[in-house]
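Chain letters run A, B, ... following the sequence lines, proteins first, then strands; residues in each count from 1.
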Amino acid sequence: MRFSEFGLTTLKEVPAEAEIVSHQLMLRAGLIRRLASGLFTWMPIGVRVLRKVEAIVREEMNRAGALELLMPAVQPAELWQETGRWNQYGPLLLRMFDRHQREFCFGPTHEEVITDVARRELRSYKQLPINFYQIQTKFRDEIRPRFGVMRSREFIMKDAYSFDLDQAGLDSSYQKMHDAYSAIFTRLGLKFRVVWADSGEIGGSKSQEFHVIADSGEDAIAYSDEDDYASNIETARTLPTATKRPAATAKLQKIPTPGVRSIDDLCNMLKIEPAQTIKTLIVKGTDGPVAMILRGDHELNAVKAQKLAGVASPLTMADSETIRQATGSEAGSLGPVGCNLRVYYDHAVAAMADFSCGANEIEYHFTGVNFGRDLPEPATVDLRNVVAGDPVPGGKGTLKIARGIEVGHIFQLGTKYSESMRATIQDQDGKDRAMLMGCYGIGITRIVGAAIEQNHDSNGIIWPEPLAPFDVVLVPINLQRSEVVQTATEELYAELQALGLDVLLDDRDVRPGVKFADAELIGIPHRVVLSERGLAGGELEYRHRRDLESRNMKRAAVLELLQK
RNA sequence: CGGGGCAUGGCGCAGCCUGGUAGCGCAUCUGCUUUGGGAGCAGAGGGUCGCGUGUUCGAAUCACGCUGCCCCGACCA
């Protein structure tokens, strides 16, 4: 491709709308342009990257035995009503009517459609196992689209769905996808980690996420420094603390705390640390509100809390009226002492002594509270988000926290969809059985952003070679004025293309600095500079995007290097 | 959805407080010079100042309403 014919415009300045580096660089390098909130046009250079991602994903999916198909982006409401998700999915689902006032949605995912395909097509267990996939546009009406293509409303996803007769079959299909995903992210040249996760909206049991490790990631990942445990913070578990509780030394005191509405206020007034306080959260329950007791510096974990007996799911905080009726007090002055609600204590609380908490009387708190004296010994559960240093569930080592960008997610769905949509198959005994399903997603567009988050410097993108829009960029110096350069450039351009390389020839009549700056901004891995000076000595100048210095090399040596 | 901010040429911004018919940098086009790290000079094109209503002799500027976008938050009891 000749630069002069590629229609690429790069930006010297950073557009104000872009917050994170991948978004800024994608705009500056001309990969994407914004149409509306969460909607982007992929420009030619961006599409080149997308196609490279897709090609690798497709190859590995095919290698794993999955079959590509293509389902409609627009789906009829009736299918979603069959599984009950028409109501469950909420405002994330973009709904619309056709001219006959029939209701549709723009597919945010395709479990319903594929299950419909399966129940029509699959009759016999002999057709199993089978795994269908597609690479296609989805729409999710996100509350707050952000970070460019990382959380956009319209995006491209590879979604796959497996069908098996029994759990052993599902385990095997799931494992195949796990291995295929690992192969995909490895081939893409990304640093990633597989973590345990919550199945959330999609449903089902076993589920793992593939995260590209990056500080700007939206998700927190907890992992062990000693074994292979790794989990999304949403589901990361921990054990009761091993530390023994110190003996009580302080007297129980009730003190007035005017104006104190939060843990921070309390700590400021008493000159203590949040870890010496207890906070009490009131959530909605299945029969009356429930109190959650946590150390002041810890956070309640919704996934864990909503699984507890008596707690309403999804987890909902009680409103101030409910709190008043249940405790006679208000948020900001709540505590376990004298609380007659159903109470859950977090593990970490059991190790505390001489702590402070609300007195269930507006703007009064207790200090010097102790278990076994002022409160009964607590039965504790795992209630909170883990923090760095917590014990690993397996018992070995402590947890560390990293940030990641979720680029893949695999689930065992079981029979959630096959049962509600009656997708059954005849087994060896001629009996109808609901198929066991798995579903497997990769965010194709998100991978592009994640790759940039992980691979850039102050000059621009540094594409992992498998993703690069071009393999090599040719930068001729004085192309328009030097016949020697012109001849050598055209010959090299033709030869590299004949070798099957994607070559960008910067044939613009601009000063070299402009070409260098653009080559670095768009992140082409290999750069070859052709100049009269070098050519006179029979040499080209080569530099990899990651390198700081360029080197002069013989033409043959450059060709050899680029063929690897 | 709650809070905050912004909206002026393709991009980044100033002007608004104190009302008088729009300016800077980048980009674009033309010419000349320049050509190994985002060139220089000269010239040119391009904006009904997000939309609406109002105040006023007069509104980018003041008031009200709306829309769009961005950021933060959505357990912090």
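Within the 4.0 angstrom heavy-atom criterion, base atoms lie near A:R543. At a threshold of 4.0 angstrom between heavy atoms, the contacts of A:R324 with the nucleic acid are absent. Residue contacts for A:L334: at a heavy-atom cut-off of 4.0 Å it reaches a base atom on one of the strands shown. A:A302 comes within 4.0 angstrom of no nucleic acid atom, judged by non-hydrogen atoms across all strands. Counting non-hydrogen atoms under 4.0 angstrom, A:E520 reaches a base of the nucleic acid. Within 4.0 Å (heavy atoms only), A:R384 reaches no atom of the nucleic acid at all.
Counting distance only, with no hydrogens placed and no angle test, the side-chain atoms of A:N478 and the base atoms of B:G36 include no donor-acceptor pair under 3.5 Å.
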Restricting both atoms to N or O, compile the protein contacts to nucleotides 42-47 of chain B shorter than 3.5 Å, with distance only.
none

Taking only N/O atoms, report every protein-nucleotides 73-75 of chain B pair under 3.5 Å with atom names and distance.
{"residue": "B:C75", "atom": "N3", "partner": "A:L300", "partner atom": "N", "Å": "3.1"}
{"residue": "B:C75", "atom": "N4", "partner": "A:E299", "partner atom": "OE1", "Å": "3.1"}
{"residue": "B:C75", "atom": "N4", "partner": "A:L300", "partner atom": "N", "Å": "3.3"}
{"residue": "B:C75", "atom": "N4", "partner": "A:L300", "partner atom": "O", "Å": "3.1"}

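Side-chain proximity of A:V514 to the nucleotides B:G38, B:C72, B:G12 is greatest for B:G38. Checking B:G12, B:G38, B:C70 against every side-chain atom of A:R34, the shortest atom distance belongs to B:C70.
Summarising the geometry, the separation between CG on A:L479 and P on B:G36 is reported as 14 Å, rounded to the nearest angstrom. Atom pair A:L535:CG and B:G36:P shows a separation of 14 Å (rounding to whole Å applied). Distance, A:D507 CG to B:U35 C1': 16 Å, rounded to whole Å. In this structure, A:N552 places its CG atom 16 Å from P of B:G36, rounding to the nearest Å. Rounded to whole Å, the distance from CG on A:L35 to P on B:G68 is 14 Å. B:C1 atom C1' lies 13 Å from atom CG of A:D141, rounded to whole Å. In this entry the distance linking CD of A:Q24 with P of B:C71 reads 11 Å, nearest Å. If you measure from atom CG of A:D506 to atom C1' of B:G36, you get 13 Å, rounded to the nearest angstrom.
Taking 4.5 Å as the limit, some side-chain heavy atom of A:T445 sits within range of a side-chain heavy atom of A:W42. Residues A:V473 and A:R545 are not in side-chain contact: their nearest non-hydrogen atoms beyond the backbone lie 4.5 Å or more apart. At least one side-chain heavy atom of A:F6 sits less than 4.5 Å from a side-chain heavy atom of A:R48.
Taking a pair to require two hydrogen-bonding distances under 3.5 Å in either a Watson-Crick or a G-U wobble arrangement, B:U18 remains unpaired. As the counterpart of B:C69, B:G5 is assigned, both hydrogen-bonding distances of the Watson-Crick or G-U wobble pattern falling under 3.5 Å. Across the strands present, B:A39 finds its partner in B:U33; the criterion is a Watson-Crick or G-U wobble pair with both atom distances under 3.5 angstrom. The pairing partner recorded for B:C24 is B:G12, the criterion being a Watson-Crick or G-U wobble arrangement whose two distances lie under 3.5 angstrom. Base pairing of B:G47: no nucleotide in any strand meets the Watson-Crick or G-U wobble criterion (both distances under 3.5 Å). Nucleotide B:A63 forms a Watson-Crick or G-U wobble pair with B:U53, both donor-acceptor distances falling under 3.5 Å.
Listed for the A:E209 side chain is no donor-acceptor partner under 3.5 Å among the backbone atoms of A:I405. Judged by distance alone, with hydrogens and angles left aside, the side-chain atoms of A:R446 form no donor-acceptor pair with the main-chain N or O of A:A450 at under 3.5 Å.
Taking the six-membered ring for Trp and thresholds of 30 and 60 degrees, A:Y345 and A:F371 have ring planes more than 60 degrees apart, a perpendicular arrangement.
If you check the side chains of A:S207 and A:H409, you find a donor sitting under 3.5 Å from an acceptor. Donor-acceptor pairing under 3.5 Å is recorded for the side chains of A:S231 and A:T235.
For A:S37 and B:C70, the shortest distance from a side-chain N or O to OP1 or OP2 is below 4.0 Å.
Between the C1' atoms of B:G20 and B:C66, the separation comes to 28 Å (whole Å). Comparing B:C26 with B:G68, their C1' atoms are spaced 25 Å from each other, to the whole Å. Comparing B:G58 with B:U53, their P atoms are spaced 15 Å from each other, to the whole Å. The same atom, P, is picked in B:U21 and in B:A60; the two are 10 Å apart, to the nearest Å. When the P atom is compared between B:G19 and B:G5, the two are found 23 Å apart, to the nearest whole Å. Nucleotides B:A14 and B:G25 place their C1' atoms 11 Å apart, quoted to the nearest Å. For the C1' atoms, the distance from B:C29 to B:C64 is 43 Å, rounded to whole Å. Comparing B:U48 with B:U8, their C1' atoms are spaced 12 Å from each other, to the whole Å.
Comparing A:R508 and A:I323 by the nucleotide of RNA chain B whose heavy atom lies nearest to each, the residue mapping closer to the 5' end is A:R508. Two residues, A:T280 and A:V14, neighbour RNA chain B, and the one matched to the more 5' nucleotide by heavy-atom proximity is A:V14.
More than 12 heavy atoms of other shown residues, nucleotides or ligands fall within 6.0 angstrom of atom CD in A:E17. A 6.0 Å sphere centred on CD of A:E377 holds more than 12 heavy atoms belonging to other residues, nucleotides or ligands.
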- Message: Does the protein touch nucleotides 24-34 of chain B at the base, only the backbone, or not at all? Give it as B, S and - per nucleotide, heavy atoms under 4.0 Å.
- Response: -BSS------B

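Just one of A:D390, A:I233, A:V387, A:I221 meets the side chain to side chain contact (heavy atoms under 4.5 Å, CB included) condition when paired with A:L399; it is A:D390. Between A:H544 and the choices A:E465, A:R551, A:R527, the side-chain hydrogen bond (donor to acceptor under 3.5 Å, both in side chains) rule is met once, by A:E465.
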- Message: With side-chain hydrogen bond (donor to acceptor under 3.5 Å, both in side chains) as the criterion, how do A:N360 and A:T327 come out once you've worked through the C-alpha distance, each side chain's angles and the decisive distance to 0.1 Å?
- Response: CA-CA 6 Å; A:N360 294 321; A:T327 67; 5.0 Å; no

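Of the charged side-chain nitrogens involved, at least one lies within less than 4.0 Å of a carboxylate oxygen, so that A:R543 and A:E520 count as a salt-bridged pair.
Between A:R151 atom CZ and A:H23 atom NE2 the span is 14.5 Å, to the nearest 0.5 Å.
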